[in-house]
A.B. asks: 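Handing you this structure, nothing more for now.
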Amino acid sequence: MAFSVDQVLGGLTEPQREAATVVDGPLLVLAGAGSGKTRTITRRIAYMIACGIPASSILAITFTNKAAGEMRERVNHLLAEAGRAGWGVTVATFHSLCVRILREHAEAAGLSKTFTIYDSADQTKAIKQAIKDLNLSPENFQPAAVHSAISKAKNDLKTASAYAQEAPAFFEKNVARIYAKYEAVLAGNKAVDFDDLLLKTAIMLRDNKDVRAKLQEKYQYISIDEYQDTNHAQFVIAHMLAMNHKNICATGDPDQSIYGWRGANINNILEFEEFYPNAKVVLLEQNYRSTKTILKAASALIANNVKRKKKELWTENETGPQITKLTLNDEHHEASEIVRRIKEAHDKEKLDWDKFAIFYRVNSLSRVLEETLMKAGVPYQIARGTEFYARKEIKDVLSYLRVVANPSDNVSLERIINVPGRALGDTSVAKLAAFAGEHGLSLLEACGRVDELAGTGGLMTRAITSAKKLAGQFAAWRAMAYGQPEEADSKEPQPEAHGDDPLFSQSLADMMAEAEEISEEITEENSEFGVQNSELEGQPAAAAVPGKPRVKIKDLMDRIVKESGMEGDLKKNDGEDQGADKLANVAELISVAAEFDAQCEANGLPGTLDDYLEQVTLVSDVDRLKDTGGSVTLMTLHAAKGLEFPFVAMAGCEDGLMPHSRAISFGANPDEMEEERRLAFVGITRAMKHLIMTVARYRMVRGETVRTVESQFFGEMPDECFDEHNLAGDDEGAGSLGYRDEAGYGRRAANERRQYEAVAQRSEANATAGEFKRGQLVRHAQFGLGRIEDISAAGTMTRAVVKFQGIPAAKTLILQYAKLEKVDA
DNA sequence: TGGAATTGGCTTTTT
DNA sequence: GCCAATTCCA
């Protein structure tokens with residue numbers, strides 16, 4: 001054993017070695033940017049195995065699927081070198097781990113085994129539905145805002161009723177109602193959303209002693225990466241799992257906490273020691289990535305944050321070149337200058353394209369950069385905002401599959417019930433839905449029994465035929481997917497009033513049981529998805545159903561695309577439209593599915609439809625980036641976390657963008673500014689040697705050209721770190737004018753001003769006693785503190801548009817009724 | 001019912 | 001400015 005221990009720990013520095021060898025008891029590794037954190041954790045896991053800890057009792061949680069895959073690979077590689085088999089460690093993200101736990105303990109969690117996972121788009125849709133059902137106006141309750149409120153509540157483990165109890169004011173009270181309704185919609189569709197994965201797992205672990213004990217025994221050694229970005233639900237899950245053996249290792253860097261906006265709680269890491277008083281703490285402060293210059297600038301910047309643990313990054317690397325700071329005319333100038341310099345470095349320094357990255361704060365900046373790269377013939381890849389899986393045609397195909405997997409999923413069915421057109425428009429669907437509601441059926445079941453509706457509802461003959469046909473098709477596809485010999489299910493004997501898991505759940509359960517028997521170890525331990533170990537020599541294949549080859553997702557998909565008429569529809573619309581594009585995307589989806597099939601085949605995994613759908617739902621943009629692209633990488637600062645590049649360009653280093661205006665604007669939590677600073681810090685510390693930061697003097701924002709001010713963060717970093725060039729041809733010294741050009745820029749701005757002035761004049765005359773003006777701070781009995789954004793007179797009424805703190809949508813109030821109270825700043 | 005045309009809203013970040 | 005969603009029109 002000793003031999004492998006040495007091999008496993010070889011080349012680690014003293015602190016790294018310490019972190020890797022403290023295996024028992026709580027451990028906190030505060031790892032600065034570029035301090036070899038991943039390397040250390042990987043070694044730590046390998047060390048545990050080398051010490052004889054069974055791989056199956058090790059759980060490693062990472063932030064992205066990509067990180068999970070990489071870690072798995074590295075652990076395997078290390079152990080192979082040390083002559084050990086590395087498979088069997090569970091490496092997962094919180095979300096994928098939860099899916100697994102929930103499927104295994106579906107009953108205990110109060111879920112159907114075949115639950116569908118809704119992505120954000122599905123969630124928003126379901127929320128819209130709930131808002132509509134409650135007869136609330138979508139204007140006052142913007143689905144997106146409600147969505148984020150609910151999501152936040154779930155991350156804090158607040159169920160609908162708990163949330164309702166605490167709801168302080170009007171808005172929240174109604175959100176509570178929507179929340180409850182939304183939960184009902186989800187349950188009706190046998191669906192869970194992203195947040196539910198965490199919430200349901202956390203609650204089950206908290207309340208169900210048996211399940212908790214079982215999982216505690218299973219995962220005796222737990223390590224969690226990027227701990228600074230965990231939220232409350234994740235915190236609870238981690239500690240429920242660890243509370244017995246207390247072998248929990250949290251690694252992370254408070255300075256790189258950038259997901260506060262979605263509920264991550266930086267205090268989880270800041271207070272780890274309070275939670276585990278006997279925790280061992282290791283600091284990794286030596287940076288192996290960046291030059292002294294880059295590190296100096298980054299350290300100076302982050303030192304401005306109050307909420308942090310002091311840490312001094314240092315490096316033995318060279319001083320390196322100064323950071324290039326460029327001021328350009330506009331975003332086009334910015335893009336061309338960045339591209340020019342990238343090309344230059346590519347040619348002169350013989351750097352491959354994949355050594356370059358361009359970061360930006362918001363996705364909208366990518367457009368011009370992309371165009372410029374394309375024109376210049378520079379290969380690039382991008383973690384896109386509207387990524388592949390969000391495309392309409394892709395979502396459509398996946399919706400078909402989801403309905404096959406879960407016939408109760410009405411949201412997915414509604415999405416495609418008339419795609420391609422089959423005479424089932426809004427009217428017909430409404431009737432079907434009403435019928436379904438009356439009889440406690442799913443929408444699909446209603447389609448199958450449309451005959452019974454014919455007398456009453458008066459559905460078009462064509463619609464009736466279509467509905468029946470569709471129900472029949474789904475039955476057939478389902479039979480194919482789950483290896484059911486019959487195809488007769490659509491006319492199946494009455495699925496009784498409230499079908500709990502109708503149709504096929506039986507066969508699925510059997511299959512799962514069988515698969516488990518065959519190789520409990522493998523299915524359980526070999527991680528989730530298609531990303532698999534390659535070192536699985538000699539393991540028995542865990543085929544889904546013995547004697548029957550597993551159904552290929554590709555074949556199923558192929559069949560659905562053809563039989564549903566989608567293919568024909570897209571071909572028909574080919575007329576130099578996007579039809580061809582869409583068809584190509586579908587083809588791409590199918591070939592990715594074929595890859596999934598092949599992966600599962602190779603690793604002897606069941607690779608059921610449910611597995612596939614789960615995989616597809618939980619991938620992110622970053623996961624889709626290839627390492628070996630031979631291309632320049634474009635991404636948001638958020639996506640850049642954990643990566644490194646020899647040459648980095650950060651575009652849009654301007655106030656309003658970085659830091660984002662949201663953190664600057666009225667009512668912003670001061671913590672937000674710190675998070676913006678951390679975001680900039682993350683960006684800067686990705687760079688190994690070359691760093692360019694650019695400022696565009698004018699930038700097109702939402703169709704308006706605005707005058708910008710360079711980022712206030714520049715003022716927090718030492719001048720000597722920068723090599724500054726002003727390549728903007730025009731005016732000097734205008735930088736102090738403010739965010740928007742005083743003179744107005746463009747017709748639209750002028751128009752707006754004229755309108756504003758007119759309104760202001762009118763309201764001046766009408767406003768009660770004239771004390772309310774635009775910009776005035778006010779207090780409202782229900783909504784709280786706000787600021788008047790606009791004010792106007794209409795007849796005898798004066799209307800004020802007020803933006804209240806904590807309420808995303810501005811409210812329009814009538815002054816005579818609203819009893820606004822003036823607040824002095 | 002489907003396609004065109006207009007509006008409106010949006011822009012943080014994503015598992 | 002762009003995209004999606006809604007509305008309008010045939």
Side-chain angles (χ1 to χ4, degrees), chain A residues 61-68 92-99 117-121 123-125 128 138-139 142-145 147-148 151 154-155 193-199 226 229-231 233-234 257-264 331 359-368 383-387 389-390 392 418-428 460 462-463 569 573 577 614 617-623 635-641 652 656-665 668 672 675-676 678-679 682-683 699-706 746 748 808-810:
Chain A
I61 297 175
T62 59
F63 194 67
T64 62
N65 292 303
K66 189 169 175 242
T93 64
F94 265 108
H95 290 264
S96 64
L97 174 74
C98 288
V99 173
I117 305 164
Y118 280 0
D119 66 20
S120 329
Q123 287 173 57
T124 306
K125 219 168 173 184
K128 271 186 194 160
E139 269 148 48
Q142 289 171 4
H147 182 300
S148 93
S151 175
K154 285 188 172 181
N155 285 332
D193 63 25
F194 278 140
D195 306 312
D196 279 336
L197 295 175
L198 304 176
L199 175 114
E226 308 285 10
D229 285 322
T230 52
N231 62 32
Q234 292 166 332
S257 166
I258 53 175
Y259 285 95
W261 53 273
R262 70 171 204 214
E331 65 270 22
F359 302 150
Y360 34 81
R361 177 66 229 271
V362 296
N363 271 311
S364 57
L365 293 202
S366 72
R367 183 188 205 85
V368 177
R384 356 190 94 265
T386 54
E387 29 100 52
Y389 286 100
K392 182 178 179 303
N418 205 29
V419 178
R422 46 171 78 89
L424 292 171
D426 293 345
T427 338
S428 311
M460 292 192 312
R462 231 180 104 214
D569 194 54
N573 291 331
D577 268 347
E614 174 186 318
T617 313
L618 296 180
V619 291
S620 67
D621 299 355
V622 191
D623 295 333
M635 62 175 85
T636 63
L637 286 166
H638 281 89
K641 192 174 72 164
L657 223 39
M658 194 193 75
H660 192 270
S661 54
R662 228 183 142 104
I664 302 172
S665 68
E672 284 185 56
E675 183 151 316
E676 293 295 318
R678 291 193 291 267
L679 202 46
V682 166
R699 186 178 294 280
M700 182 84 92
V701 181
R702 286 196 219 141
E704 255 182 285
T705 303
V706 296
R748 184 160 172 159

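These values consider heavy atoms only, across backbone and side chains, with no hydrogens, waters or symmetry-generated copies. Every chain is numbered from 1 and lettered A, B, ... according to where its sequence line falls, protein lines coming before strand lines.
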A.B. asks: Write down the distance between CE (A:Met635) and P (B:dT13), rounded to a whole number of angstrom.
C.D. replies: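 About 15 Å, once rounded to whole Å.
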
A.B. asks: At 4.0 Å (heavy atoms only), tell me whether A:Phe94 reaches a base, stays on the sugar-phosphate, or touches nothing.
C.D. replies: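 Nothing, no nucleic acid heavy atom in range.
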
A.B. asks: Quick check against the 3.5 Å criterion: does A:Glu675 have a side-chain atom that pairs as donor or acceptor with the backbone of A:Gly260?
C.D. replies: yes

A.B. asks: Could you tell me the separation between the CG atom of A:Leu657 and the C1' atom of B:dC10, rounded to a whole number of Å?
C.D. replies: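 From A:Leu657 CG to B:dC10 C1': 15 Å.
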
A.B. asks: In whole angstrom, give the distance that lies between atom CD of A:Glu226 and atom P of B:dT13.
C.D. replies: 20 Å

A.B. asks: Verify whether the ring centers belonging to A:His638 and A:Trp261 lie closer than 6.0 Å.
C.D. replies: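 Yes: the rings meet the under 6.0 Å criterion.
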
A.B. asks: Taking atom P of B:dT14 as reference, at what distance in whole Å does atom CZ of A:Phe63 sit?
C.D. replies: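 From A:Phe63 CZ to B:dT14 P: 10 Å.
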
A.B. asks: Separation of A:Asp229 atom CG from B:dT15 atom C1', in whole Å?
C.D. replies: 11 Å

A.B. asks: If you find the nucleotide of DNA chain B closest to A:Asn418 and the one closest to A:Glu676, which residue's nucleotide is nearer the 5' end?
C.D. replies: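 That would be A:Asn418.
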
A.B. asks: With the side chain of A:Trp261 defined as its heavy atoms from C-beta on, choose the nearest nucleotide among B:dT13, B:dT15, C:dC2.
C.D. replies: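 Of all the options, the side chain of A:Trp261 is nearest to B:dT13.
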
A.B. asks: Are the side chain of A:Asp229 and the backbone of A:Ile258 linked by a donor-acceptor contact shorter than 3.5 Å?
C.D. replies: yes

A.B. asks: Mind calculating the distance between CG (A:Leu97) and P (B:dT15) to the nearest angstrom?
C.D. replies: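 After rounding, the gap between these two atoms is 17 Å.
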
A.B. asks: Look at A:Thr636 and B:dT14 and indicate whether a side-chain polar atom (N or O) is within less than 4.0 Å of OP1 or OP2.
C.D. replies: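 The answer is yes; a side-chain N or O of A:Thr636 sits under 4.0 Å from OP1 or OP2.
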
A.B. asks: Can you check the A:His660 NE2 to B:dT11 C1' distance for me, whole Å?
C.D. replies: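 Taking NE2 of A:His660 and C1' of B:dT11, I get 6 Å after rounding.
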
A.B. asks: Mind checking what makes ring-ring contact (aromatic ring centres under 6.0 Å, His included) contact with A:Phe94, not counting sequence neighbours?
C.D. replies: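 Here no residue qualifies.
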
A.B. asks: Would you indicate which nucleotide in B:dT14, B:dT13, B:dT11 comes nearest to any side-chain atom of A:Arg262?
C.D. replies: B:dT14

A.B. asks: When you get a sec, tell me which of B:dT15, B:dT13, C:dG1 is the closest nucleotide to the side chain of A:Phe194?
C.D. replies: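 So the nucleotide nearest the side chain must be B:dT15.
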
A.B. asks: Looking at A:Arg678, I'd like to know whether one of its side-chain N or O atoms comes within less than 4.0 Å of OP1 or OP2 on B:dT13.
C.D. replies: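 It does not, given that no N or O in the side chain of A:Arg678 lies less than 4.0 Å from OP1 or OP2 of B:dT13.
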
A.B. asks: Which residues satisfy the salt bridge (Lys or Arg N to Asp or Glu O under 4.0 Å) test with A:Arg262, sequence neighbours excluded?
C.D. replies: none

A.B. asks: Compare side-chain N and O positions of A:Asn363 against OP1 and OP2 of B:dT13 and report whether any pair is under 4.0 Å apart.
C.D. replies: yes

A.B. asks: In whole angstrom, what separates A:Gln234's CD from B:dT15's C1'?
C.D. replies: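 Nearest whole value for this atom pair: 8 Å.
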
